[in-house]
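As the structure is a prediction and not an experimental result, all values here were calculated from the model.
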Amino acid sequence: MPAAPPSTLIDAALRGVAIALLLLLALVLGRDRPRLPAARAGVALTLGLCVQVIGSTPLFEALVSGLWQAPLVAVSVGNAVLFWVFVQALFDDDFTLRPLHVAAWVAVATLAAFNCAVVAGSASVLAPITMGLQRAVPLVFAVLAALAAASHWREDLVERRRRLRVFIVVAGIGYSLVMLAVRLASPHGRLSGLSATADVAMLLAIVAVVAWRMVRLAGSDLFPAASVPAAMPVVVLEDAPPPETLPSPDPKPDPAEGRLAESLQHAMAVDRAYRSEDLSIASLAARLSVPEYRLRRLINQRLGHRNFNAFVNSFRLAEAMAALADPGKRDLPVLTIALTAGFQSIGPFNRTFKAATSLTPTDFRKQKLADS
């Protein structure tokens, strides 16, 4: 029996290592934070990539075709949707899985399976259409993933997690676009021996970096604690002195950090900077005349907030809760209270309020006024 060529052995070795690392990542994600959407999406994506690594083996593609290959193709193409969902869940601590996400995966997987089992290789007029749609899927969801990352990245206050997130998004999008270009240039969208090996080598490099960085990150650095709400309100009575939102000073505090903490306390609790609808970490840093990284570090390491929006919303919620509990403001509409506190609309206010108190603003007001 002739020996397998070195290229085949190299390809098989790369795929074996990639699958082992993907399964390790799935185990770590499922073990550390099994109930968090980001962990669940990550497990689904890593398992889907295992199927993709197996199904894209050149020998496997040559031996298995048509109906038998359809499920593998469906999962592989559906990974683009899972990557989009994973990026949303990873960057947004308040992310929840919605029927839209499931429907998107089902639609993409069904299209890929139908194209592979029925249309591809036939003389049907549907072939160019379905093949074009299937090849457009990675590009569309890569763009959606980039938009999701850009909209939430600046809010993250955990610096090491920010760097890991940037790598995942940039590498994931780059990998999707490169392999899309390679498949568009190859006959029938299949990878040759060399391009298939390059494909798994790129994927292995990305997975190896992510696995290495995740091992170095503590679980609390990567994901929020499952038992802590995204926004913990600090009750601020409107006519009362500012609350002690900052912890007691360290035995040997940094004088510059202490001054920054005092300036931040004054800006938020006295000047009520949180009422500004367009308040961002950059604008607040400019207001305090400090580099953005120093303000991030202070809010994260000294105040314990992982997300800038959660930090700001704690003040907004506190003001809203105080107003709702004030008998003198019983006739003031809830919308007016929300807008005054800095929320842009009633929808986000209601969701944030209920996540923090388990009550709607109206129920909270009724309960507080009844108690008074």
Side-chain angles (χ1 to χ4, degrees), residues 2-26 42 44-65 69-84 86-87 108-109 112 115-116 120-121 131-146 149 164 166-214:
S7 59
T8 302
L9 296 177
I10 293 173
D11 183 88
L14 291 174
R15 293 181 189 277
V17 175
I19 291 173
L21 282 178
L22 287 168
L23 292 176
L24 175 63
L25 281 178
L45 178 59
T46 52
L47 295 180
L49 288 173
C50 286
V51 174
Q52 179 178 324
V53 170
I54 296 172
S56 62
T57 305
L59 180 61
F60 192 89
E61 285 191 334
L63 296 176
V64 181
S65 61
Q69 194 179 19
L72 300 177
V73 173
V75 172
S76 299
V77 178
N79 285 337
V81 181
L82 292 179
F83 178 66
W84 167 58
F86 176 64
V87 168
V108 167
N115 180 65
C116 178
M131 182 59 73
L133 290 173
Q134 179 176 318
R135 291 180 174 180
V137 163
L139 177 61
V140 170
F141 284 97
V143 172
L144 291 176
L164 176 59
V166 170
F167 174 80
I168 290 175
V169 173
V170 173
I173 293 174
Y175 168 78
S176 299
L177 296 180
V178 168
M179 296 319 301
L180 173 62
V182 172
R183 286 188 177 274
L184 287 175
S186 63
H188 307 294
R190 292 187 175 184
L191 301 178
S192 64
L194 181 59
S195 59
T197 302
D199 170 33
V200 73
M202 288 177 57
L203 183 59
L204 174 59
I206 295 171
V207 173
V209 172
V210 173
W212 178 68
R213 295 291 295 273
M214 284 184 62

By the definition side-chain contact (heavy atoms from CB on, under 4.5 Å), identify the one residue from Leu9, Val200, Asp199, Ile19 that meets it with Leu14.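 Only match with Leu14 under side-chain contact (heavy atoms from CB on, under 4.5 Å): Val200.
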Nearest atoms (heavy-atom pairs only) where [X] meets [Y]:
X: Ala112; Y: Ala74; result: CB-CA, 3.9 Å
X: Ile168; Y: Phe83; result: O-CZ, 3.8 Å
X: Arg15; Y: Val53; result: NH1-O, 2.7 Å
X: Gly55; Y: Leu72; result: CA-CD1, 4.1 Å
X: Ala145; Y: Ile173; result: C-CD1, 4.5 Å
X: Ala196; Y: Ser56; result: CB-O, 4.2 Å

Give me each pair satisfying side chain to side chain donor-acceptor pair (under 3.5 Å) with a member in residues 74-83, each pair once, sequence neighbours excluded.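 Found Gln52-Asn79.
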Per the side chain to side chain donor-acceptor pair (under 3.5 Å) rule, what does the pair list look like for residues 137-146, sequence neighbours excluded?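 Qualifying pairs: none.
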Set of residues satisfying side-chain hydrogen bond (donor to acceptor under 3.5 Å, both in side chains) with respect to Thr197, sequence neighbours excluded: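 By the side-chain hydrogen bond (donor to acceptor under 3.5 Å, both in side chains) rule, Thr197 matches Asp11.
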If the condition is ring pair (Phe, Tyr, Trp, His ring centres under 6.0 Å), which residues does Phe141 pass it with, not counting sequence neighbours?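 Partners of Phe141 by the ring pair (Phe, Tyr, Trp, His ring centres under 6.0 Å) criterion, ordered by chain and then number, come out as Trp84.
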Results of side chain to side chain contact (heavy atoms under 4.5 Å, CB included) for Val170 - residues two or more places apart only: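 Checked Val170 against side chain to side chain contact (heavy atoms under 4.5 Å, CB included); matches are Val166.
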Taking only residues two or more places apart in sequence, or in another chain, which ones meet Val207 in a side chain to side chain contact (heavy atoms under 4.5 Å, CB included)?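 Listed in chain order: Leu21, Leu22, Leu25, Leu203.
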